[in-house]
Amino acid sequence: MKLLGRSSRVRIRPLTSFQDLRSETGRAAEGGGTIHIAIGNGGLIGENTVTSLAALEVVEELADTAVLYNAPPIITVGDPTLLPLAQDILRRAYERHGLVKRYNPDQVRFVAPSPVAYAAGAASIVMTEDVTSNAMIGAFGPEVSLITDAGARRDLPQLAAAAALDALGALYPATDRLAVGEELYAAGAQMTEKRRYTISLQAQDILRLALAAFIAMAATLALLTVLLS
Amino acid sequence: MGRIVRQWIPFLIAAIVATIVLLGYTFPDALVFDYRGQRTPVQHILAEWAVIVGSFALLLGLWNIGRVHIKKAFRQRKIERRIESLFFVFSALTTLFLWVAAIFSPAQAVSKLAARAAQGVYNYIISPVGASLAALVVVALALTAFRLLRARRSIWAIVFGLVVIVTLLTTVPLAGLDPGLFSGIRHWLINVFGMAGMRGLLLGVVLGTAVTALRFLWPRREM
């Protein structure tokens, strides 16, 4: 994920899916449009909780830029527990800049609780509203291809990050700006380089190395046992 | 004071609840009584509380959908979008009316009729539309794969296309050809390459989930 340079500063491998979000927000503001961010069907009660929270981190890091450019994103959620969280993130960003009167809670939309209906509803928003970029970050299934298809029909730039394998299979052919698996959890570090994010990324790397070493050792031991017996 | 409320109280609530839930799984004997007066594992009661909060969130979500579509019905520039939103609001209100009538109507005949109509909405409109959308997902996936080969001519795009084609072809029983050979190729692709990639991804996701969860639990300084 990242390399330690000569200085002690952590260098993070660039992930275009997150790096381009800010520039896409600027482009949306220039063109009088907006970004659509689909957070997916994961909620706060279930196996996709952390994935959804990681997706909300992206919204949080993007919110200030969007407020400054006066181009708030349209955020669609497929689980109602994410709705108040996403609305709160956007409202806080407006509060930080003293523009709370401009805050519109309808920028965050609960579309439908079923995955396919959510994808169809989000696709309809991409097709019919002034969307200039389409980002899909969070918990999805293969139905995400309905959203990417809507984006492709309008020739929109598309960015995606997902952890589920069936969603990755659907997203890989749709966009080359795709954060795969664990890269989704590096969004905060990638977009802000704040210490709390980079430290957790380092912890993740150390754990991964330890796990890889353990697997390699176990495999070698198993091989040796077979060869020697 | 504000920092304590913002940083440490949420952390303490999350840490205490998480500890109770973990201990609940380690010592599964029921220790507390639920609202019916029956002994229940404590983690079940906490899960019930979470479901109640989730139900309120659903009500908020429904309010959000209704509000967005009512605004669209009056403010959209294009007339077809207005009609779409009006149709949505009308359908939602009709279904709500049917369910309310089915549950609260004092006349039994009206109640039965409304219940049958509401069930009919589910059986004859929502279910078939859901099935059609699921079929549409397959079409969208196929279209995306074709677009990939047209727009992104990299080596990985070609490998992706080849794997998809070989896997699909080896799934089909082809007359006159050795089925064992084809199922062998498919088995090798899915259970060796596919499984290895899948396990690698899942290990990364598990580590990312664990570290991200810890980061969320830990009190934040930048608010």
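All figures in this text were calculated on a predicted structure; none of them were measured in a lab. In what follows, chains are A, B, ... by sequence order, proteins preceding strands, each numbered from 1.
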side-chain contact (heavy atoms from CB on, under 4.5 Å) between B:Leu203 and A:Ile215, intermediate numbers included: CA-CA 11 Å; B:Leu203 281 174; A:Ile215 290 170; 3.7 Å; yes

Answer yes or no: are there more than 12 heavy-atom neighbours, outside [X] itself, under 6.0 Å from its atom [atom1]?
X: A:Glu95; atom1: CD; answer: yes
X: B:His44; atom1: NE2; answer: yes
X: B:Asn191; atom1: CG; answer: yes
X: A:Arg154; atom1: CZ; answer: yes

Ring-face cation contact, A:Tyr172 with B:Arg152, 6.0 Å cut, 45° max: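 Yes - B:Arg152 lies over the ring of A:Tyr172, closer than 6.0 Å to its centre and within 45° of its axis.
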
Top contributor to chain B interface from A:Thr128, A:Asp79, A:Leu184, A:Val144 [non-hydrogen pairs under 4.5 Å]: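 Result: the option with the highest number of such pairs is A:Thr128.
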
Chain B contacts, top residue of A:Asp176, A:Leu207, A:Thr51, A:Ile199 (heavy-atom pairs, under 4.5 Å): A:Asp176

Decide yes or no for [X] and [Y]: does some side-chain heavy atom of the first lie under 4.5 Å from some side-chain heavy atom of the second?
X: A:Pro80; Y: B:Leu60; value: no
X: A:Asp149; Y: B:Leu136; value: no
X: A:Ile45; Y: B:Val53; value: no
X: B:Arg67; Y: A:Arg109; value: no
X: B:Leu202; Y: A:Leu165; value: yes
X: B:Leu58; Y: A:Phe110; value: yes
X: A:Tyr185; Y: B:Arg215; value: no

How many angstroms lie between [atom1] in [X] and [atom2] in [Y], if you round to the nearest 0.5 Å?
X: B:Thr209; Y: A:Asn48; atom1: OG1; atom2: CG; result: 9.0 Å
X: A:Thr81; Y: B:Phe56; atom1: OG1; atom2: CZ; result: 14.5 Å
X: A:Leu168; Y: B:Leu201; atom1: CG; atom2: CG; result: 6.5 Å
X: B:Leu141; Y: A:Leu146; atom1: CG; atom2: CG; result: 8.0 Å

Proximal component of A:Pro115, with respect to chain B [non-hydrogen, under 4.5 Å]: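 Contact with chain B: none, neither part.
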
Part of A:Val111 lying under 4.5 Å from any heavy atom of chain B: backbone

Tell me, side chain or backbone of [X] under 4.5 Å from chain A's heavy atoms, or both, or neither?
X: B:Lys78; answer: neither
X: B:Ala157; answer: backbone
X: B:Arg150; answer: neither

Residue, of B:Val205, B:Val129, B:Val139, B:Leu143, that accumulates the most heavy atom pairs under 4.5 Å with chain A: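 The candidate making the most pairs under 4.5 Å is B:Val205.
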
Winner by heavy-atom pair count (cut-off under 4.5 Å) against chain A, out of B:Ser154, B:Ala47, B:Gly54, B:Ala140: B:Ala140

For a quick test of reading the model, state the closest non-hydrogen atom pair linking [X] to [Y] and the distance between them.
X: B:Leu133; Y: A:Ala120; value: CD2-CB, 3.7 Å
X: A:Gly169; Y: B:Phe160; value: O-CZ, 4.0 Å
X: B:Gly61; Y: A:Leu83; value: CA-CD2, 3.7 Å

Salt-bridge criterion met for A:Glu129 and B:Arg81 (N-O under 4.0 Å):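 No.
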
Whether B:Asn64 side chain and A:Val108 backbone form a donor-acceptor pair below 3.5 Å: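 Yes; judged by distance alone, with no hydrogens or angles, the pair exists.
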
Step-by-step side-chain contact (heavy atoms from CB on, under 4.5 Å) determination, B:Lys71 to A:Asn104: CA-CA 12 Å; B:Lys71 276 188 183 175; A:Asn104 176 11; 4.0 Å; yes

B:Thr212 and A:Ser200: CA distance, side-chain angles, deciding distance, side-chain contact (heavy atoms from CB on, under 4.5 Å) verdict: CA-CA 7 Å; B:Thr212 308; A:Ser200 82; 5.9 Å; no

